[in-house]
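Notes to accompany the following structure.
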Amino acid sequence: MRRELDEKVYFVYFDGNNSYLTWCHLGYIVSAVKQVKYTDVLVRNVNKYNLDVISEEIINEKPKMLILAIKYKTYKLSQELISLIHKNVQHICMCYTLPTSFPDRILLENPEIDSVLIGEVENTIGELVECVLQDRDYKDCNGIGYLENGEVKINPVGKIVFDLDKVSFPEREGFPTDKKFFHVLGSRGCEGNCSFCSMNDFYQTHTNYGQRFRSVSNLVSEMDELVEKYDCKYVGISDSTFCKNVNGFVDVKRLEELYMELSNRKYHIEFFINMRAEQITSGSIYWLDKLNAIGLSRVFIGIESWNKSDLKLYNKIANISVNRAAVGLIQDYLMKKDNGYYIDFQYGFINFNPFSTMESIVHNVEEHISLGNLLTPEMLISKLEVNHKTKMEEIATKAGRCNLKINIYSKNVDYKFENYEVFRLYDFLESNIGDLRDDFSDSLPILVNRYIYFFGRDNKVKNVLKTNQYYKQLRSRYLYFIFCDYIRKKKISINTENVSEISIDQVKKAEKECSNTLRRIIIELKRINQLSYY
């Protein structure tokens with residue numbers, strides 16, 4: 001006979017940024033803990049406003065185990081909680097990105113904690129929880145670090161999970177579910193090995209297994225559950241890339257399988273995916289178009305730069321010609337597109353890095369214009385984030401661009417531009433165009449397509465798309481105008497043939513008109529309870 005739950009484990013996360021993707025990652029940890037028999041898992045979100053309330057609850061409950069999920073920017077708050085409750089908890093464990101990257105420092109700086117979990121947790125956390133709850137020695141558990149007589153001990157990592165279909169879906173209870181929007185992950189790791197990214201380091205835990213994929217049927221089963229339990233309307237399929245590369249070529253089978261699975265569902269759901277530039281082919285475009293007709297609203301593609309030296313610095317797979325070919329295929333497709341739904345191709349771009357020159361930035365901007373891409377504030381003032389424990393941190397530090405003292409209260413490493421004029425340009429652009437980031441670009445494709453599904457492509461839709469296109473074009477022209485004006489004053493060569501003077505008031509007026517037309521669609525969706533993530 002199964003006994004009643006009698007062992008409480010507190011899982012605490014510190015997420016003041018409302019990160020839906022983080023909640024998905026943490027849900028996997030909670031789900032793994034819930035697999036341990038006779039364990040009641042209590043999920044709590046701690047912020048600076050409820051710190052005292054949650055700490056008092058933990059002190060009163062005196063749980064045997066407290067698991068803290070720590071990111072860089074939440075480290076300080078977690079330390080404040082530990083100082084309040086450590087005498088009332090038998091075992092405190094830290095996990096997630098920060099303990100994985102800096103287990104030694106975390107243990108030495110926080111002698112009140114008992115262990116850290118490193119990397120993926122499915123094959124480690126259950127064993128650790130069982131040991132703690134059953135009062136057994138936990139120090140032989142795989143994938144953990146701990147202090148012994150003041151010395152840091154790091155055990156071998158646990159077995160890598162290759163069959164991701166066997167991993168339980170992430171737990172959603174205890175995390176916000178009110179937006180009807182969720183992230184799902186169909187893989188772990190990445191096909192690439194970009195110098196600025198730490199994803200493979202976290203998932204592979206210093207091994208070389210590449211990207212591991214769930215089956216599409218298993219992924220869609222999770223979407224089924226989200227729709228049934230939480231009335232989910234919008235899903236971010238947030239893998240580094242949705243498709244596999246096989247022998248250097250994109251395998252579009254996963255796109256086809258996703259179409260077949262979702263086209264057989266009775267529900268309609270909007271979603272986005274990420275892809276790589278080298279995966280944009282006529283074959284993948286075909287399936288993206290098919291998916292667009294059943295809910296695909298956005299495709300994010302990392303282009304990053306139009307400079308060969310930058311792509312080499314970032315260790316990108318795609319070269320300039322591959323990037324150009326991808327953009328060309330997308331533009332040809334959009335010109336011929338006729339399935340009635342809207343799709344947004346969003347380009348990831350890094351205009352500034354520690355080694356940028358004025359010439360490299362001018363080239364980036366001119367290439368966008370020559371290819372017919374519309375400039376956005378995000379694109380123009382995009383600045384490389386140098387993250388801890390990445391190849392880019394090593395490169396920038398060696399070149400004397402980074403602060404040698406590691407600040408683990410921040411994910412990003414402070415750095416200085418090598419070229420002072422680049423710094424002045426970045427400062428100028430950030431000051432003058434930073435407030436031109438609109439509030440609706442990300443949600444517009446989702447809302448428009450959901451409206452089309454229920455009401456058809458009527459005049460409301462036509463007005464939204466028309467005003468949105470006009471606004472984006474006007475904003476792009478304005479951005480190009482002020483960029484060129486600054487560059488010319490610095491007596492740097494730039495082609496100003498297509499530059500026309502646009503005022504900020506014109507852009508703001510167009511933005512307001514687009515927002516007003518979108519609001520009419522929002523009202524109609526809300527009326528039938530089909531509004532998502534807004």
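Side chains included, hydrogens not; waters and symmetry mates left out as well; all remaining heavy atoms used.
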Exercise. When you check the side-chain N and O atoms of Tyr478 and Gln473, is any donor under 3.5 Å from an acceptor?
Worked result: no

Problem set entry | Distance-only donor-acceptor check, side chains Asp251 and Gln279, under 3.5 Å | no

Exercise. Just wondering, do Glu257 and Ser217 contact through their side chains at under 4.5 Å, heavy atoms?
Worked result: no

Problem set entry | Pair Arg188 + Glu120: basic N to acidic O under 4.0 Å | yes

Problem set entry | Ion pair check, Glu171 and Lys34, cut-off under 4.0 Å | yes

For this session: Return yes if a side-chain donor-acceptor contact under 3.5 Å exists between Ser198 and His388, otherwise no.
Result: no

Problem set entry | Derivation and outcome, side-chain hydrogen bond (donor to acceptor under 3.5 Å, both in side chains), residues Ser215 and Asp165 | CA-CA 7 Å; Ser215 69; Asp165 284 9; 2.6 Å; yes

For this session: Say whether Thr390 and Asn387, considering side chains only, have a donor N or O and an acceptor N or O under 3.5 Å apart.
Result: no

For this session: Indicate whether the side chain of Glu270 and that of Ser297 have a donor and an acceptor atom separated by less than 3.5 Å.
Result: no

Exercise. Charged N to carboxylate O under 4.0 angstrom, Lys508 versus Glu513?
Worked result: no

For this session: Could you verify whether a donor N or O on one side chain and an acceptor N or O on the other, from Tyr347 and Asn373, lie under 3.5 Å apart?
Result: no

Seminar exercise, completed: In Lys179, Glu225, Glu173, the residue satisfying side chain to side chain contact (heavy atoms under 4.5 Å, CB included) with Tyr230 is Glu173

For this session: Please tell me if the side chains of Leu226 and Phe182 come closer than 4.5 Å, counting only heavy atoms from C-beta onward.
Result: yes

For this session: Please examine the side chains of Lys337 and Ile343, heavy atoms only from C-beta on, and report whether any two atoms are closer than 4.5 Å.
Result: yes

For this session: Using a strict cut-off of less than 4.0 Å between a Lys/Arg side-chain nitrogen and an Asp/Glu carboxylate oxygen, indicate whether Arg437 and Asp435 qualify as a salt bridge.
Result: no

For this session: For the pair Lys48 and Glu80, find out whether any cationic side-chain nitrogen is under 4.0 Å from an anionic carboxylate oxygen.
Result: no

Exercise. Is the shortest distance from a Lys or Arg side-chain nitrogen in Asp163 or Arg214 to a carboxylate oxygen in the other one below 4.0 Å?
Worked result: no

Problem set entry | Note, Thr376 side chain near Leu436 side chain (heavy atom, < 4.5 Å) | no

Exercise. Do Val386 and Asn412 come within less than 4.5 Å of each other through their side chains, counting heavy atoms only?
Worked result: no

Exercise. Is it true that Arg298 and Asp442 make a salt bridge, defined as a side-chain N closer than 4.0 Å to a carboxylate O?
Worked result: yes

For residues 521-531, which side-chain donor-acceptor pairs fall under 3.5 Å, sequence neighbours excluded?
| unit_1 | atom_1 | unit_2 | atom_2 | d |
| --- | --- | --- | --- | --- |
| Glu524 | OE1 | Arg527 | NE | 3.2 |
| Glu524 | OE1 | Arg527 | NH2 | 2.7 |
| Asn529 | OD1 | Lys180 | NZ | 3.0 |
| Gln530 | OE1 | Arg450 | NE | 3.2 |
| Gln530 | OE1 | Arg450 | NH2 | 2.7 |

For this session: Identify whether the distance between the nearest side-chain nitrogen and carboxylate oxygen of Glu61 and Lys8 falls below 4.0 Å.
Result: yes

Exercise. Out of Asn468, Val461, Val464, which one pairs with Tyr342 under the side chain to side chain contact (heavy atoms under 4.5 Å, CB included) rule?
Worked result: Asn468

For this session: Test Ile273 against Leu255 for side chain to side chain contact (heavy atoms under 4.5 Å, CB included), laying out the working first.
Result: CA-CA 10 Å; Ile273 64 172; Leu255 295 174; 3.9 Å; yes

Problem set entry | Under 3.5 Å side-chain donor-acceptor pair for Ser238 and His183 | yes

Exercise. Checking side chain to side chain contact (heavy atoms under 4.5 Å, CB included) for the pair Tyr96/Phe14: CA distance, chi angles, key distance, verdict?
Worked result: CA-CA 11 Å; Tyr96 202 42; Phe14 309 81; over 6 Å; no

Exercise. Under 6.0 Å between ring centres, would you say that holds for Phe181 and Tyr20?
Worked result: yes

Exercise. Is it the case that Tyr13 and Thr22 place a side-chain donor and acceptor less than 3.5 Å from each other?
Worked result: no

Exercise. Cys93 versus Leu68: any side-chain heavy-atom pair under 4.5 Å?
Worked result: no

Exercise. Less than 4.5 Å apart, any side-chain heavy atom of Pro170 and any of Ser31?
Worked result: no

Exercise. Can you tell me if Tyr451 and Asp458 form a side-chain donor-acceptor pair at under 3.5 Å?
Worked result: yes

For this session: Report yes if the side chains of Ile67 and Tyr10 come closer than 4.5 Å at any heavy-atom pair, otherwise no.
Result: no

Exercise. Between Asn339 and Asn292, is any side-chain donor less than 3.5 angstrom from a side-chain acceptor?
Worked result: yes

